[in-house]
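Please read the structure below before turning to the comments.
The model shown is predicted, which means the values in this text are computed figures rather than measured ones. Chain A is the first sequence line, chain B the second, and so forth, proteins listed ahead of strands; every chain is numbered from 1.
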Amino acid sequence: MKKQPIALLDCNNFFVSCERLFRPDLLGKPVLVLSSNDGCVVARSQEVKDIGITMGVPYFQIKDIIKQHDVQIFSGHLALYRDVSRRVFEVLHDCVDVVEQYSVDEAFFVIPPDTDVEVFITTVKQRVEQAVGIPVSIGVGLSKTQAKCAGALAKKTNGLHVLTEQSWPDVAASLPISSVWGVGRGLSAKFTGHGIKSVSDLLAAPTYQIGVLFGVVGKRLQAELSGTSCDPVAQKRMLQKSLMSTRSFATSTESKDVLYDAAAYHARHIAADLRLMGAAVAALQVSIRASRHGDFCLRGGTREVVFTVPTNDTFTLTNAAESAIDALYEAGVPYQKVGVSVVEITAQSAVPHTLFATEMTDNTPLLKAMDAINLAAGSELITIGSRLKTKSWQARSDRRSPAYTTRWSDIATVSA
DNA sequence: TCTGGGGTCCTAGGACCC
DNA sequence: TCTGGGGTCCTAGGACCC
């Protein structure tokens with residue numbers, strides 16, 4: 001059977017492109033987007049990359065250079081980006097059958113059989129860019145890993161790159177092993193230590209030796225790079241395996257009430273997400289941490305609460321989260337972060353009826369109504385489990401753009 | 001003074017069993 | 001004084017990704 005090429009569609013400088021969508025005056029100007037709490041750089045326009053500002057660098061370290069080059073700054077606005085992302089992939093789904101969304105700004109898809117690859121991806125790129133207005137790149141190879149390599153090359157040219165059997169050996173020789181998808185700092189150092197510096201070096205190494213030294217991860221990388229796909233494009237999106245909500249505080253705190261409040265905030269957001277997914281969970285984990293950069297960096301911990309029956313009930317989850325805080329809290333520690341996560345997510349339809357729940361109240365109608373109101377408001381109008389009147393612990397987002405697409409009051413006005 | 005948030009997968013090691 | 005070997009399952013932690 002002939003191998004069907006795999007493509008990767010990647011939105012260019014995605015968060016920056018989203019901001020520019022509603023601020024076309026910023027096209028061609030240096031723009032960057034900051035993480036929550038305006039902590040560090042998470043997206044850069046090409047102009048910002050050219051200045052030499054690197055990914056993930058703390059904001060306070062680059063304030064001078066930002067001023068010097070008149071860089072435009074935005075606080076990360078995930079709701080906006082998610083909405084734009086949804087539109088991008090809607091168009092992609094219109095173009096192809098087999099699509100696997102990989103992240104908020106990337107998706108793999110299978111090139112349909114008997115298609116001219118170049119023509120096909122050119123059309124896809126044009127359709128997305130015309131319909132949504134976000135510039136995208138597309139790379140094509142025989143595996144996801146090859147497609148990622150092609151995608152990187154695409155960004156350096158006109159946004160399209162197709163690897164062929166003829167071009168691949170030269171490309172492989174020019175690609176450092178550290179640039180490969182799945183090769184991070186640790187693996188890269190280990191590869192280099194064994195004399196494997198480029199993709200060709202890895203392809204030339206005996207497979208059994210790679211297996212011994214690098215385990216299944218190494219063998220899979222080698223196969224994928226040689227054009228044998230080990231990870232097919234998944235047509236159906238399965239239920240995700242875990243879900244978490246975490247946030248650093250604007251400033252650290254020793255207040256237990258703040259921890260309660262933050263834990264409840266995360267728990268009810270997870271509960272709402274679960275209901276949206278039609279899913280339930282059997283356990284919830286809460287973790288609290290002090291600052292990573294200080295005397296208390298090792299303080300904190302994780303606590304799990306198990307439910308007798310899988311649930312997505314906001315009251316149950318917030319109560320569990322607060323009881324976990326009770327167990328974890330130590331007076332006198334300046335806490336910086338609270339996170340709540342759930343694993344083993346199951347479809348709600350698969351939740352068994354229990355023999356043990358004696359008088360379980362069914363809050364479903366109430367919670368459904370609450371979800372609908374909050375969704376329509378575009379913010380948390382109704383909350384459960386809050387103890388504090390203010391959200392003083394919440395992160396700073398001083399330079400956040402309006403919710404152009406998800407909040408009625410923020411819709412852009414057009415004058416003609 | 002100020003360093004993100006949300007995921008997946010793999011591995012090693014312990015508990016437990018026969 | 002002697003004290004197996006092999007298997008499974010679970011968990012915590014690490015590496016990696018966007």
| field | Aromatic ring proximity Phe191(A)/Phe214(A), centre distance under 6.0 Å | value | yes
| Rounded interatomic separation in angstrom, taking CG from Leu187(A) and P from dC10(B) | 13 Å
| Side-chain donor-acceptor pair under 3.5 Å between Asp83(A) and Thr405(A), yes or no? | yes
| said: Tell me whether the side-chain N/O atoms of Ser36(A) come closer than 4.0 Å to OP1 or OP2 in dG5(B). | reply: yes
| message | Would you say Lys241(A) places a side-chain N or O within less than 4.0 Å of OP1 or OP2 belonging to dG7(B)? | response | no
| query | So, Thr192(A) side chain and Ser188(A) main chain: donor-acceptor pair closer than 3.5 Å or not? | reply | yes
| Ser248(A) side chain, from C-beta outward: closest of dG5(B), dT8(B), dC18(C) | dG5(B)
| task | Name the closest nucleotide to the Gln61(A) side chain, picking from dT3(B), dC10(B), dT8(B). | result | dT3(B)
| note | Residue pair Val217(A)/Asp38(A) against DNA chain B: nearer the 5' end by closest nucleotide is Asp38(A)
| query | Is the distance from OP1 or OP2 of dG6(B) to the nearest side-chain N or O of Thr246(A) less than 4.0 Å? | reply | yes
| query | Starting at OH of Tyr102(A) and ending at P of dC9(B), how long is that distance when rounded to a whole Å? | reply | 10 Å
| Is any side-chain nitrogen or oxygen of Lys63(A) closer than 4.0 Å to OP1 or OP2 of dC2(B)? | no
| query | With a 4.5 Å heavy-atom cut-off, do Cys11(A) and Val136(A) have their side chains touching? | reply | yes
| said: Under 4.0 Å between a side-chain nitrogen and a carboxylate oxygen: does that hold for Glu224(A) and Arg220(A)? | reply: no
| query | Judged by modelled atom types alone, do Asp38(A) and Ser75(A) share a side-chain donor-acceptor pair under 3.5 Å? | reply | yes
| request: Would you sketch DNA chain B in dot-bracket for me? Only Watson-Crick or G-U wobble pairs with both distances under 3.5 Å count, crossing pairs as [ ], other-strand pairs as |, the rest as dots. | output: ....||||||||||||||
| Are Ser242(A) and dT8(B) close enough that a side-chain N or O sits under 4.0 Å from OP1 or OP2? | yes
| Taking the side chain of Lys148(A) as heavy atoms from C-beta outward, which of dC18(C), dC16(C), dG4(B) is closest to it? | dC18(C)
| request: Please tell me which of the listed nucleotides, dC18(C), dT3(B), dG7(B), lies nearest to the side chain of Pro58(A)? | output: dT3(B)
| request: Rounded to whole angstrom, note down the P distance from dC18(C) over to dT3(B). | output: 24 Å
| field | Sugar-phosphate, base or nothing in reach of Val57(A), heavy atoms under 4.0 Å | value | nothing
| Taking atom P of dG14(C) as reference, at what distance in whole Å does atom CZ of Phe214(A) sit? | 21 Å
| said: Could you check whether His269(A) and Tyr265(A) have their ring centres less than 6.0 Å apart? | reply: yes
| said: Once you apply a heavy-atom cut-off of 4.0 Å, does Val41(A) come out as touching a base, just sugar-phosphate, or nothing? | reply: nothing
| said: Quick check for you: among dC10(B), dG5(B), dG7(B), whose closest atom lies nearest to any side-chain atom of Val216(A)? | reply: dC10(B)
| said: Counting the atoms with a prime plus P, OP1 and OP2 as sugar-phosphate, which does Leu243(A) contact under 4.0 Å by heavy atoms, base, sugar-phosphate, or nothing? | reply: sugar-phosphate
| query | Taking only side-chain nitrogens and oxygens of Arg220(A), does any of them come within less than 4.0 Å of OP1 or OP2 of dC9(B)? | reply | no
| query | Glu100(A) side chain to Ala234(A) main-chain N or O, any donor-acceptor pair under 3.5 Å? | reply | yes
| Atom pair distance, as rounded to whole Å: CG in Leu34(A) and C1' in dG5(B) | 14 Å
| said: Output the rounded distance in Å from CH2 (Trp181(A)) to C1' (dC9(B)). | reply: 11 Å
| message | Of the listed nucleotides (dC18(C), dG6(B), dG4(B)), which one gets closest to any side-chain atom of Met244(A)? | response | dG6(B)
| query | Going by distance alone, is a donor N or O of one side chain under 3.5 Å from an acceptor N or O of the other, for Asn13(A) and Ser45(A)? | reply | no
| note | Note: for Gly215(A) and Ser245(A) on DNA chain B, the residue whose nearest nucleotide lies more 5' is Ser245(A)
| task | Rounded off to whole Å, could you give me the NE2-to-P distance for the His77(A) and dG6(B) pair? | result | 15 Å
| note | Lys190(A) atom NZ is separated from dC10(B) atom C1', nearest whole Å, by 12 Å
| query | Rounded to the nearest Å, what distance is computed from the CE atom of residue Met55(A) to the P atom of nucleotide dC16(C)? | reply | 17 Å
